[in-house]
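To keep things clear, I will list the structure first and then write my remarks on it.
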Amino acid sequence: AHGSIQNGSFVIANTGWTKFWNDPRKFIGLDENKVRHFPGWGHEAAQYLHEKGVRGLGGDTASIDPGNSTTFDAHRVFLKADKYLVENIKLDEENSRALPEAGGTILIM
């Protein structure tokens, strides 16, 4: 449905985490040790997408990296390459329907 990843693409992960948007405690996912738990891009995925020529990554979580990351590898890969990262994208059902499967224009301000 989305086609292959093209050079210059902006890739958005819809993990379903938006369901916790209005519950900050669940959205951040702090456990009893104050470790955050939510999905994110791992080092290998970020490196692969960078090598594919992806211009930016986005997601519906509080960080591009997984919540429990201490090294922030996805941030390091993309920011070192002067690429975009967009976090906290609200991808509820209505917003998700508005996004095309592929193609479109992303404005980052």
Side-chain angles (χ1 to χ4, degrees):
H2 304 288
S4 62
I5 298 170
Q6 302 297 311
N7 185 40
S9 293
F10 186 90
V11 177
I12 300 172
N14 185 352
T15 69
W17 214 250
T18 295
K19 67 185 170 199
F20 301 125
W21 186 269
N22 291 318
D23 187 338
R25 184 176 208 112
K26 286 183 180 178
F27 190 72
I28 297 299
L30 282 180
D31 66 16
E32 63 278 353
N33 297 315
K34 301 208 185 279
V35 175
R36 302 177 313 161
H37 294 277
F38 51 77
W41 299 94
H43 176 77
E44 294 82 9
Q47 188 64 42
Y48 171 79
L49 292 169
H50 166 63
E51 290 169 5
K52 292 284 287 181
V54 168
R55 186 71 183 124
L57 291 179
D60 60 348
T61 58
S63 175
I64 295 301
D65 289 280
N68 63 351
S69 177
T70 58
T71 57
F72 304 100
D73 292 332
H75 274 85
R76 291 176 189 272
V77 168
F78 267 69
L79 294 179
K80 183 178 178 182
D82 196 27
K83 296 186 176 191
Y84 296 98
L85 298 177
V86 180
E87 302 162 336
N88 296 301
I89 300 172
K90 189 174 184 185
L91 295 172
D92 57 15
E93 191 173 324
E94 180 181 349
N95 291 339
S96 293
R97 279 196 311 264
L99 291 173
E101 294 287 343
T105 301
I106 301 287
L107 301 174
I108 301 172
M109 299 176 197

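Note that the structure is a prediction, hence the values are computed from the model and not measured.
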Checklist entry - Are I12 and I5 connected, step by step, through hydrophobic side chains (Ile, Leu, Val, Met, Phe, Trp, Tyr) whose heavy atoms are closer than 4.5 Å? => result no
Next on the checklist: Looking at S9 and Q6, would you say the former's side chain and the latter's main chain have a donor-acceptor pair under 3.5 Å?
Outcome noted: yes
Item to check | Hydrophobic cluster identity match, Y84 and F72, side-chain contacts under 4.5 Å | outcome: no
Checklist entry - Between F27 and F38, does a side-chain contact (heavy atoms from CB on, under 4.5 Å) hold up when you go through it step by step? => result CA-CA 8 Å; F27 190 72; F38 51 77; over 6 Å; no
Item to check | Between CG on residue N68 and CZ on residue R36, distance to nearest 0.5 Å | outcome: 9.0 Å
Checklist entry - Can you tell me how far OG1 of T105 sits from CZ of F10, rounded to the nearest 0.5 angstrom? => result 12.5 Å
Checklist entry - How many angstroms lie between atom NE2 of H75 and atom NE2 of H43, to the nearest 0.5 angstrom? => result 15.0 Å
Next on the checklist: Once rounded to the nearest 0.5 Å, what's the spacing between atom CG of L57 and atom CG of L85?
Outcome noted: 6.0 Å
Next on the checklist: Looking at every heavy atom in both I89 and G58, which two are closest together, and how far apart are they?
Outcome noted: CD1-CA, 3.9 Å
Checklist entry - Of the non-hydrogen atoms in H37 and D31, which two are nearest, and what is the gap between them? => result NE2-OD2, 2.8 Å
Checklist entry - Where is the tightest heavy-atom contact between K83 and R55, given as atom of each residue plus distance? => result CB-O, 3.2 Å
Item to check | Spacing of CZ belonging to F78 relative to CD belonging to Q47, to within rounding of 0.5 Å | outcome: 8.5 Å
Checklist outcome for this item: Looking only at heavy atoms, the pair that brings P66 and W41 closest together is CD-O, 3.4 Å
Next on the checklist: Checking L99 against L91 for the side-chain contact (heavy atoms from CB on, under 4.5 Å) test, could you report, in this order, the C-alpha distance in whole Å, the side-chain angles of both residues, the deciding distance, and whether it holds?
Outcome noted: CA-CA 9 Å; L99 291 173; L91 295 172; 3.7 Å; yes
Next on the checklist: Is it the case that the side chain of D60 and the backbone of G16 share a donor-acceptor pair, with hydrogens and angles ignored and the cut-off at 3.5 Å?
Outcome noted: yes
Checklist entry - Which pair of non-hydrogen atoms, one from A62 and one from I28, has the smallest distance, and what is that distance? => result CB-CD1, 3.7 Å
Checklist entry - Going by atom types alone, do T18 and D92 pair a side-chain donor with an acceptor below 3.5 Å? => result no
Item to check | In one Ile/Leu/Val/Met/Phe/Trp/Tyr side-chain cluster, 4.5 Å: V35, L30 | outcome: no
Checklist entry - Any chain of hydrophobic side-chain contacts (each under 4.5 Å) joining V11 to Y48? => result yes
Next on the checklist: Applying salt bridge (Lys or Arg N to Asp or Glu O under 4.0 Å) as the test, list every pair that has at least one member in residues 95-105; sequence neighbours left out.
Outcome noted: E93-R97
Checklist entry - Going only through I, L, V, M, F, W and Y residues with side-chain contacts under 4.5 Å, is there a path from V86 to I106? => result yes
Checklist entry - Can you name the residues that form a ring-ring contact (aromatic ring centres under 6.0 Å, His included) with F20, not counting sequence neighbours? => result W17
Checklist entry - Where do S63 and E87 come nearest, in terms of heavy atoms and distance? => result CA-OE2, 3.4 Å
Next on the checklist: Would the distance check show the side chain of D65 and the main-chain N or O of S69 forming a donor-acceptor pair, the cut-off being under 3.5 Å?
Outcome noted: no
Item to check | T61 and N88: side chain donor to acceptor below 3.5 Å | outcome: no
